[in-house]
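To start, the structure under review is shown below, and the notes come after it.
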Amino acid sequence: MKSIDASEWNECNNNTNSPFLDHSWLLCLEESGCVNPETGWAPQHVRITNKGTNEVVGYVPMYIKGHSMGEFIFDNSWAEAACQSGITYYPKLLVAVPFTPVAGDKILLKKALQNGSMDCSTKKEIRRAVANFLIEIAESNHLSSVHFNFCSNEEAADLTGIIINSNNNNIEVESDVTTNEGVSTGSKKLLTSQVQQVLERLSPSSSSSTMQILNDYMRRTSLQYHWTNVNPNAFGNNNETTNKFKSFEDYLSCFKSKRRTTIRRERRRVLEEESIYIHILRGTEILQIPGLVERMYEIYVSTVKRMVWGRQYLTLEFFQLLVQSDFCQYICFFCATKQQQTTTTNNQLLQADEVFAGTFNIVKDNVFYGRYWGCLPGQEVKNLHFETCYWSAIEYCIKQGIHRIEPGAGGGDYKWSRGFDPTLMHSTHYICHPGLRRAVREFLEYETNNNIELTEYLRAKSAVSSSSNSNNNNIDDET
């Protein structure tokens with residue numbers, strides 16, 4: 001990343017909603033030693049240029065991987081099957097953000113192209129040409145496979161086609177299509193020429209390249225649980241602002257009476273009986289507390305080490321580099337202390353050594369991304385994890401008008417019961433060995449049908465529902 005101009009990269013990244021594709025985030029991962037060949041992540045980022053002018057029109061964040069750790073799209077069983085069949089699975093090509101299960105376009109295209117000449121079909125052509133180019137790279141360099149992890153829905157559809165479930169029903173995918181408004185005709189013609197030159201550079205000579213993409217790249221679905229700031233009781237109102245929850249109590253009103261009582265009791269035990277106080281610091285506020293970054297890193301490491309499945313991917317240097325970069329503006333710490341304060345806004349009273357638990361979060365473009373939770377050993381408080389990661393986060397997002405919380409992978413049961421509904425995540429995969437590719441395809445068809453059915457079922461049974469579909473108006477039996 002150091003050799004890539006930051007403004008040039010970020011101009012291509014302007015059309016995704018993922019802050020983790022920001023140049024600063026990726027650079028800090030590499031500069032801190034978290035991502036390098038020694039850790040099994042060899043950066044091999046792809047630059048897409050105009051054939052005639054050599055102007056950069058896009059980038060692809062790509063790595064040669066020597067293992068499958070830190071990806072959150074679990075292909076270990078594929079690797080085991082390959083090994084049992086005498087097929088070498090590593091190294092492989094991976095297009096993704098290291099250690100980050102967040103969706104977004106992975107083929108980054110310059111904003112001028114997106115807003116100018118590029119309609120949906122042209123964008124699809126470029127994506128398929130890039131994907132086919134990576135197949136050629138993998139096969140000519142004896143790499144086992146190509147993986148696009150956590151694509152946008154639209155990107156996955158362009159590479160693999162629409163999802164068809166076992167009943168042969170098409171599954172709709174969301175699309176964030178940028179319009180061409182405000183771009184002059186002359187600019188559109190110039191940009192069209194640039195796009196055509198990109199396609200000429202990337203496209204293989206075979207006229208069947210599009211069919212090869214659709215036949216050989218396979219879509220994989222997985223589930224995450226996201227919270228959305230939309231009140232289902234705001235009937236007949238399409239205004240996004242007025243549809244949002246007004247307060248945490250407004251949010252609680254969407255639960256059934258018994259569940260509301262349980263949530264209030266759960267919060268009361270943490271915040272009142274245990275006298276826990278949650279400090280919220282964003283951006284440069286973090287730098288005003290000496291030693292806070294180091295303390296949050298200590299909390300992160302101590303928790304990772306206690307987990308049987310835990311893996312420490314990040315270093316102290318990464319934390320320190322990130323807060324000193326321009327990415328600091330997006331960082332949000334939730335810090336738990338046992339010292340009750342008189343105000344929720346004066347964080348100057350906070351001392352780093354008083355913080356014993358907390359979360360490392362990112363807030364950007366009206367989305368709250370929960371990344372890392374931790375608590376120092378011997379200081380665990382029952383339900384503090386739920387308070388810090390969910391209830392306080394939801395309350396904060398309601399107050400700030402933030403639209404969505406993405407708390408990361410895992411923990412489906414307790415997220416769903418707290419109002420986080422299932423969301424399909426998408427990735428696309430090409431396996432060079434035809435026999436292994438057929439076996440993986442059969443597995444993915446079965447897995448996808450299960451995930452679609454589970455998503456539909458859990459959404460229909462959502463813990464947060466409109467008052468017309470539940471008994472939410474019952475009087476609470478305890479508050």
Validation row, ring centre F72 to ring centre F99 under 6.0 Å: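 So the answer is no for these two rings.
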
Under 3.5 Å, is there a donor-acceptor pair between the [X] and [Y] side chains?
| X | Y | value |
| --- | --- | --- |
| S18 | K364 | no |
| Y396 | R282 | yes |
| N76 | S68 | no |
| H279 | T337 | yes |
| Y297 | T315 | no |

Please check this pair: side chain of S417 against backbone of Y414, looking for a donor-acceptor N/O pair closer than 3.5 Å.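 Pair found, side chain donor or acceptor close to backbone of Y414.
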
Side chains of [X] and [Y]: closer than 4.5 Å at any heavy-atom pair?
| X | Y | result |
| --- | --- | --- |
| H45 | I4 | yes |
| M218 | T160 | no |
| P19 | W25 | no |

If you measure from CD1 on I405 to NE2 on H226, what distance do you get to the nearest 0.5 Å?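 That separation rounds to 10.5 Å.
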
So N153 and H426, side chain to side chain donor-acceptor pair (under 3.5 Å) or not? Walk me through it. CA-CA 6 Å; N153 290 339; H426 305 274; 2.5 Å; yes

Who are the ring pair (Phe, Tyr, Trp, His ring centres under 6.0 Å) partners of W416, not counting sequence neighbours?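 Expected list: none.
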
Taking CG in D5 as the centre, count heavy atoms belonging to other residues, nucleotides or ligands within less than 6.0 Å. Is the count above 12?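 Buried by this count: over 12 neighbours within 6.0 Å.
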
Stacked cation flag R371 on F20, 6.0 angstrom / 45 deg: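 Yes, cation above the ring, under 6.0 Å and within 45°.
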
